[in-house]
*Asks:* 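My structure is below; once you've seen it, I'll send some questions.
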Amino acid sequence: MNIVAPAGSYEKMQAAVKAGADEVYFGLRGFGARRNNKNFGIQEILDGIDYAHARGVKTLLTLNTIMKNIEIENTIYNFSRIYEHGIDAVIVQDLGFLKFLAENFPDLTLHGSTQMTVANHEEANFLQKLGLSRVVLARELTFQEIKKIRENTTIELEVFVSGALCIAYSGNCYISSFIGGRSGNRGLCAYTCRKKFQDENKESGYFLSPNDQFLEEEVKKLKEIGIDAIKVEGRKKTEQYVYETVNYYKDILNNKERKSQSYKLFNRGYSKGYFHGDDKLMNFDYSANFGYKAGTVSRAGKVLLDDDISLGDGIQFVGDDYEKLGGVYINKILINDVKKEKAYKGDTVYLGRIPEKTKYIYKNYSKELHDNINHEMKIKERKLKIDGEFSAALGEEPVLIFTAENLNKSRITAECKMEVLSETAKKSIDVKTISEKLSELGDTSFEIDNVKVSYDNTAFISFSELKQMKRECAERLKENLTASYRREGKAVNVRNFENNYNNSPVISAMVSNKEQEDVCRTNGIEKIYYRQFDVAKESKLDKIDLNSKLVSNLYQILKSNVDKKSVDWNLNIFNNYTVDLFSDFEGVETVFLSPEMNFEQLKGIKSKKVKKGMVIYGYLKGMYIEYPIFEKEYKELHGDHNDMYRVVRNDLDNIELYMDNPMNLIPKLEEIKGLGLDELRLDFTFENSDEVSEIIKSLNTGKGKYNPYCFERGIF
């Protein structure tokens, strides 16, 4: 079972490789689901591919964002260079981009990002046929669901085991987009979920902030059922965190017992995620890297330690309600007025002046741990095992051959020769000594696994020349090895899409109840949809309505009983390639375009194969959440910046979070009709009968409060 590790920078990639990662993933600057991270430039990616390949580690490129039309075309120049250099796989989210890559780079290995929210075996099997060799399963699955998917699919499965959880389904969140144009689906999440909220009862907390996930012994269960890879998240964390976490999972898989130190390097609270289906997911008390509890403050201002501390450690002072009261690096430790460099769990210490109301000391930087990891990373090297073969005889050229196996199971060789051996050795040299000299590969990325020596016990061999020969052969092998991954360039076909133009679009409605439906029909709207569930989870497939005319997940599309159906916008229909992909599904008549698109982008969406629609009125859904955070069927959450959200608990006990004010594009209806779309939809969620009627009538008057959200500004 491979360990897939984060490489948010070149240094983190090296840390992950040294720690034992089998695969590393990194983003191209400007793309990927962590666009606001440092990410790699082109040359860093090319160097990183060679660094990893020289050590037997696979490289994965994250192009896992929703793509604009122009981005698909503009990505190709840079991506072609990366493809030709030998990237092992690309991680994608956008179904249209997946189709584009599969068509133009048929030998390229493609992985489906967790943002695809693959939550059942039917979707996994379909995506395999579409061109994926692996899917990263949705993070919201329990072990039993993962096991059932594994039993019913042959595609490679990767499971997220460590790192930050997004409370929205596997990262599909629109809050940042709708608030400020920063799309979480395009790597620019503003982390609204990590902020403090107040509910309608004036109670406050971090209601949308989960603990980070950290599976431990659970990974052995994943290995037992045949999961192919486990993913460690942490491109925004330090290289020390990456090194320790990857190294810990390597130890688990090698049955080496030890305690993890990751929580000492980053800590916003930890849970087992959804793995056990328990109720320990959320942390309402704090959402940032809080550290871990290191002590409790007495009335006398002294601290009873729960963990060891040292001079240079970073601590913060925390009140009863987890309010941060300040923080310092420890520069004084006194035990009974005696100065100490270190104190231990159970000691009572004086650390200097502590802010009033401090109850706890939290440690968020361990100098000793950082120093130890830094030292280990400095001296540790990742080596690729190779074979050696050496022959030497009087009157012949000595020959050294190094052989390695690349990740594609091809044997790569390098051969070096010296001048003919003409001198007889005055003192015999044994084969063991020659073998030892050949095995000393120093600071290369190789280590000798097996070496064969053929020596006539007569010729004189200069050890200095042998050393030079060995160095040249190792360098040549490295060149040949990295070159073995190179590919020929591909001629890329950027398609031209044609369009059907409709100047008389159908007005439809999506409703939440029979009362809303009746008002719509009374007012002349005949095409009515009912709201659907965003995700089809393996254990809840029987709850998915396969007779609905509106489909909101791939499972619903694949198993639908309806001849003519429409695809909802939550499937992130954002470019012509995605529109084209959905047009190939049997029975798909209309696709609804993403409300993250602005007017100009909507003009660029073209198709002659399928009808196109958009929502022009409705409360926009910002998050779809698997975890039943609240018991009530309806709640309101108020943020610090006058932002408010309406929270609904649906029939699956999932949470749907809506923006407080509905999007209303009706005052711009005439401009929208100029887009030539086939269907314009009104979405009704919280509206009563009178409000529904008023909205429908405004189609004729153009009156109402214009509220465009992304329609004008678009998203970054």
Side-chain angles (χ1 to χ4, degrees), residues 2 14 17-23 46-59 85-86 88 250 253-254 378-488:
N2 285 359
Q14 291 177 310
V17 169
K18 289 182 177 184
D22 302 288
E23 306 174 20
L46 304 184
D47 292 343
I49 290 172
D50 288 346
Y51 176 88
H53 282 166
R55 292 157 179 80
V57 177
K58 288 187 176 181
T59 54
H85 205 76
D88 295 286
K250 199 71 173 178
L253 295 179
N254 290 332
K378 187 174 182 179
I379 64 172
K380 191 170 184 178
E381 287 295 335
R382 178 77 172 269
K383 304 279 189 177
L384 180 68
K385 291 184 177 181
I386 63 173
D387 295 329
E389 188 174 341
F390 179 74
S391 61
L394 192 65
E396 296 180 6
E397 292 178 324
V399 179
L400 175 62
I401 299 173
F402 282 158
T403 304
E405 185 177 87
N406 73 9
L407 292 163
N408 301 318
K409 304 300 181 184
S410 297
R411 292 184 67 77
I412 312 301
T413 63
E415 182 179 295
C416 291
K417 296 180 180 180
M418 286 193 300
E419 292 182 0
V420 173
L421 299 176
S422 58
E423 187 177 346
T424 302
K426 296 177 181 178
K427 184 179 179 183
S428 64
I429 307 170
D430 59 48
V431 169
K432 183 181 178 183
T433 301
I434 296 174
S435 297
E436 288 174 351
K437 294 293 183 183
L438 289 172
S439 297
E440 295 170 0
L441 294 181
D443 61 357
T444 72
S445 58
F446 304 121
E447 65 177 353
I448 292 287
D449 191 25
N450 294 297
V451 62
K452 294 179 181 178
V453 176
S454 175
Y455 175 52
D456 67 356
N457 294 312
T458 301
F460 170 72
I461 302 172
S462 165
F463 284 161
S464 63
E465 290 183 3
L466 183 63
K467 182 178 180 181
Q468 178 65 25
M469 186 184 195
K470 178 183 61 177
R471 185 183 299 116
E472 288 179 6
C473 203
E475 186 60 35
R476 195 170 297 175
L477 179 65
K478 181 181 177 182
E479 291 173 1
N480 294 347
L481 179 63
T482 54
S484 73
Y485 294 94
R486 304 290 189 262
R487 300 184 182 98
E488 292 291 327

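Sequence positions, counted from 1, serve as the residue numbers for this chain. Only a predicted model underlies this, so the values are computations on that prediction, with no experimental measurement involved.
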*Asks:* For A54 and S445, which heavy atoms make the closest approach, and how far apart are they?
*Replies:*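 Nearest heavy atoms, A54 then S445: O-OG, 3.4 Å.
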*Asks:* Grab the two heavy atoms, one from S422 and one from L394, that are nearest each other, plus how far apart they are.
*Replies:*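 Looking at all heavy atoms of both residues, the closest pair is C-CD1, 3.7 Å.
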*Asks:* Of all the heavy-atom pairs spanning G86 and H53, show the shortest one and how long it is.
*Replies:*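 For G86 and H53, the tightest heavy-atom pair comes out as O-CE1, 3.1 Å.
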*Asks:* Under the side-chain hydrogen bond (donor to acceptor under 3.5 Å, both in side chains) rule, collect the residues that match up with D50, sequence neighbours excluded.
*Replies:*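 Only H85, R486 meet the side-chain hydrogen bond (donor to acceptor under 3.5 Å, both in side chains) criterion with D50.
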*Asks:* Is the shortest side-chain heavy-atom distance between R382 and V57 below 4.5 Å?
*Replies:*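 SC-SC contact between R382 and V57 confirmed.
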*Asks:* How far does CD of E440 sit from CG of L466, to the nearest 0.5 angstrom?
*Replies:*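 E440 atom CD to L466 atom CG measures 9.5 Å (nearest 0.5 Å).
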*Asks:* For the CG atom of L384 and the CG atom of D449, what is their distance to the nearest 0.5 Å?
*Replies:*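 Between L384 CG and D449 CG, I get 10.0 Å after rounding to 0.5 Å.
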*Asks:* Go through E381 and E447 one step at a time and tell me if the side-chain contact (heavy atoms from CB on, under 4.5 Å) criterion holds.
*Replies:* CA-CA 10 Å; E381 287 295 335; E447 65 177 353; over 6 Å; no
*Asks:* Any side-chain to backbone donor/acceptor pair from D430 onto K432? Under 3.5 Å, distance only.
*Replies:*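 Yes; judged by distance alone, with no hydrogens or angles, the pair exists.
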*Asks:* Taking salt bridge (Lys or Arg N to Asp or Glu O under 4.0 Å) as the criterion, tell me which of K58, R55, K250 meets it with D22.
*Replies:*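 Answer to the salt bridge (Lys or Arg N to Asp or Glu O under 4.0 Å) test with D22 among K58, R55, K250: K250.
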*Asks:* Would you say T458's side chain and D456's backbone share a donor-acceptor pair under 3.5 angstrom?
*Replies:*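 Answer holds: yes.
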*Asks:* Locate the shortest heavy-atom distance separating M418 from M469; write the atom from each residue and the value.
*Replies:*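 Smallest interatomic distance, heavy atoms only, reads CG-SD, 3.7 Å.
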*Asks:* So, using side chain to side chain contact (heavy atoms under 4.5 Å, CB included) as the criterion, who are the partners of A474 when residues are at least two apart?
*Replies:*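 Applying side chain to side chain contact (heavy atoms under 4.5 Å, CB included) to A474 gives F402, T444, F446.
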*Asks:* Not counting sequence neighbours, list each pair that qualifies as a ring-ring contact (aromatic ring centres under 6.0 Å, His included) and has a residue in residues 454-477.
*Replies:*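 The answer is none; no pair qualifies.
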*Asks:* Roughly how far, to the nearest 0.5 Å, is the NZ atom of K417 from the CG atom of L400?
*Replies:*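 Reported to 0.5 Å precision, the distance equals 12.0 Å.
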*Asks:* Is there side-chain contact between K437 and V451, with heavy atoms separated by less than 4.5 Å?
*Replies:*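 Result no, sub-4.5 Å side-chain heavy-atom pair not found.
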*Asks:* Which pair of heavy atoms, one from S435 and one from V453, lies closest together, and at what distance?
*Replies:*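 Looks like OG-CG2, 3.3 Å.
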*Asks:* Is there side-chain contact between N406 and L481, with at least one heavy-atom pair below 4.5 Å?
*Replies:*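 SC-SC contact between N406 and L481 confirmed.
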*Asks:* Looking at every heavy atom in both A425 and A459, which two are closest together, and how far apart are they?
*Replies:*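 So the minimum-distance heavy-atom pair works out to CB-O, 3.8 Å.
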*Asks:* What residue among I49, L407, T59 forms side-chain contact (heavy atoms from CB on, under 4.5 Å) with Y485?
*Replies:*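 When I49, L407, T59 are each tested with Y485, the side-chain contact (heavy atoms from CB on, under 4.5 Å) holds only for L407.
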*Asks:* If you draw a 6.0 Å radius around NZ in K380, do more than 12 non-hydrogen atoms from other residues or ligands fall strictly inside?
*Replies:*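 More than 12 heavy atoms, drawn from other residues, nucleotides or ligands, come within 6.0 Å of this atom.
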*Asks:* If you round to the nearest 0.5 Å, how far is CG of L421 from CD1 of I461?
*Replies:*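 Between atom CD1 of I461 and atom CG of L421 there are 6.5 Å.
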*Asks:* To the nearest 0.5 angstrom, please state how far the CG atom of D443 sits from the CZ atom of R471.
*Replies:*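 Result: 8.5 Å between the selected atoms.
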*Asks:* When you compare the side chain of I386 with that of I448, does any pair of heavy atoms fall below 4.5 Å?
*Replies:*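 Yes, their side chains come closer than 4.5 Å.
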*Asks:* Nearest 0.5 Å, what's the SG-CD distance between C416 and E397?
*Replies:*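 With rounding to 0.5 Å, SG (C416) is 12.0 Å from CD (E397).
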